[in-house]
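Presented below is the structure to which this report refers.
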Number of protein chains: 2
Amino acid sequence: MTVLPDLPDDADLLLLDRQICFSLNAASRAFGGVYRVLLKDLGLTYPQYLVMLVLWEHGELPVKRIGEHLRLDSGTLSPLLKRLEAAGLVHRKRSPEDERSVTVSLTGEGSAMRERAGQVPRRLLVATGLPVEQLATLRVLLDQVTEALDNAVPGLAAEG
Amino acid sequence: MTVLPDLPDDADLLLLDRQICFSLNAASRAFGGVYRVLLKDLGLTYPQYLVMLVLWEHGELPVKRIGEHLRLDSGTLSPLLKRLEAAGLVHRKRSPEDERSVTVSLTGEGSAMRERAGQVPRRLLVATGLPVEQLATLRVLLDQVTEALDNAVPGLAAEG
DNA sequence: CCCTATTAAGTTGTGCGCAATTGAATGGTG
DNA sequence: CACCATTCAATTGCGCACAACTTAATAGGG
């Protein structure tokens, strides 16, 4: 029980904080590492895979909608979509009715990849080592935290 | 109840997978957004803050040890530590007994920042909107997943 | 003792994430 | 119609993550 006079009880929170942010950071990168291996055959990165998932589900979307699904802006999506287009997986064209918007659609190759990616989720779930119920719990907690954090940001920014 | 004949039961897993990786990705970035706001006054990025936490706890470490604590390699740490040094927060010097190793230590300014950072964890915990017990649960789940994922990677890589 | 393998940092190249800005198109208001 | 604010995509710049490689120093085996 050493006493650190210049560090009051905030010190405990610093340690707790360290644990939480370490854990989240580590988990995020661990997922990334597994996805990297699983997606290697497909030639996709993890963010590219997320975009493909959105397109497989919705078929055809403007860049804006993809960004809303994934919380990504054009600064991230524009070059990513260019690479997907260069890989022959998606097609981009200006929307005729609104020339500001760019519609992203799957090519035949992009659609066909959906079947090849079919094994990815199962292998990922196995790799987590957790039963589906606990993963569901994890997901609920993560979503709660995300919503709370997003709501908190404006207030924090206002405080300075 | 639409039936998609060309997509067998893997399709459900694709959706579940989408939810889990979306949630984790979103949570990770939501945390990053809050940290970015909280650390703005300190002039630190989130990864830089993590390094400072390690140094505040351990006082003085070679780059290798910092990397072990944070799961980061020299490719990430070398430029990051250069920026911390340029900011006057850390000092780097070659170890006399092993000239391959670089010892990273805090400057007076770097140590002093610890007090200024004292408010960060409390504000973050509040921002999450979750009671401490649920955050602890979240952390345990994340750590379990991380360990399982790390153990799974070699096997996955072997399969190809 | 020499030669080789290993280890630690650093460097390079690619891709992601985000803030800030630009440019073109659109919509609304006087 | 003219003007202005808004919207969408793209671009720029910076920092992080990671793989692959380089360089320098150390440790170990013949």
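- Listed for the A:T107 side chain is a donor-acceptor partner under 3.5 Å among the backbone atoms of A:L89.
- Shortest non-hydrogen contact noted between B:A117 and B:P121 is O-CD, 3.4 Å.
- Remark: C1' of D:dC18 and CG of A:L39 are 15 Å apart, rounded to the nearest angstrom.
- Within the structure, a side-chain polar atom (N or O) of A:R36 is placed less than 4.0 Å from OP1 or OP2 of D:dA19.
- Of the candidates D:dT26, D:dA9, C:dC18, C:dC18 carries the atom nearest the A:D73 side chain, counting heavy atoms from C-beta on.
- Taking side-chain N and O atoms only, B:K82 has a distance below 4.0 Å to OP1 or OP2 of C:dT11.
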Practice prompt. Step by step, work out the side-chain contact (heavy atoms from CB on, under 4.5 Å) result for A:L138 and B:L141.
Written response: CA-CA 7 Å; A:L138 177 61; B:L141 284 174; 3.9 Å; yes
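- Comparing A:P62 and A:N25 against DNA chain D, the residue whose closest nucleotide sits nearer the 5' end is A:P62.
- With C:dA9, D:dA17, D:dA25 as the candidates, the nucleotide lying closest to the side chain of B:L72 is D:dA17.
- Between B:R94 atom CZ and C:dT7 atom C1' the separation is 12 Å, expressed in whole Å.
- Note: CD (B:E97) to C1' (D:dT26) measures 13 Å, nearest angstrom.
- Evaluation of atom-type donor-acceptor distances gives a pair under 3.5 Å for the side chain of B:S74 against the base of C:dG10.
- Taking atom CZ of B:R65 as the reference point, atom C1' of C:dT7 lies 11 Å away to the nearest angstrom.
- Each of A:R71 and B:L81 has a nearest nucleotide on DNA chain C; the 5'-most of these lies closest to B:L81.
- The side chain of A:R100 sits closest to D:dC8 out of C:dC18, D:dC8, D:dA17.
- Along DNA chain D, the nucleotide closest to A:L77 and the one closest to A:A30 are compared, and the more 5′ of them pairs with A:L77.
- Contact annotation: A:R29 reaches the phosphate of D:dC18 (side-chain N/O to OP1 or OP2, under 4.0 Å).
- In the set D:dC18, D:dT11, D:dT26, the nucleotide with an atom closest to the side chain of B:T76 is D:dC18.
- Rounded to whole Å, the distance from CG on B:L61 to P on C:dA9 is 11 Å.
- Taking atom NZ of residue B:K93 and atom P of nucleotide C:dA8, one finds them 18 Å apart after rounding to whole Å.
- Considering only side-chain atoms of A:V63, the nucleotide from D:dA10, D:dA19, D:dT11 that sits closest is D:dA10.
- Considering only the side chain of A:E99, C:dA25 comes nearest among C:dG10, C:dA25, D:dG15.
- Contact annotation: A:S101 reaches the phosphate of D:dA9 (side-chain N/O to OP1 or OP2, under 4.0 Å).
- Heavy-atom minimum distance, B:M52 versus B:L84: SD-CD1, 4.2 Å.
- Contacts of A:R92 with the nucleic acid, taken as non-hydrogen atoms under 4.0 Å apart, involve only primed sugar atoms and P, OP1 or OP2.
- Between A:S78 and D:dA10 there is a side-chain N or O to OP1 or OP2 distance below 4.0 Å.
- Going from atom OH of A:Y46 over to atom C1' of C:dT14 covers 19 Å, rounded to whole Å.
- The local environment of CD in A:E147 is sparse, with at most 12 non-hydrogen atoms from other residues, nucleotides or ligands closer than 6.0 Å.
- Here D:dT11 is the nucleotide among D:dC18, D:dT11, D:dT26 with the atom lying nearest to any side-chain atom of A:P79.
- The number of heavy-atom neighbours closer than 6.0 Å to CD of B:E68, taken from other residues, nucleotides and ligands shown, is above 12.
- Atom pair B:L70:CG and D:dC18:P shows a separation of 11 Å (rounding to whole Å applied).
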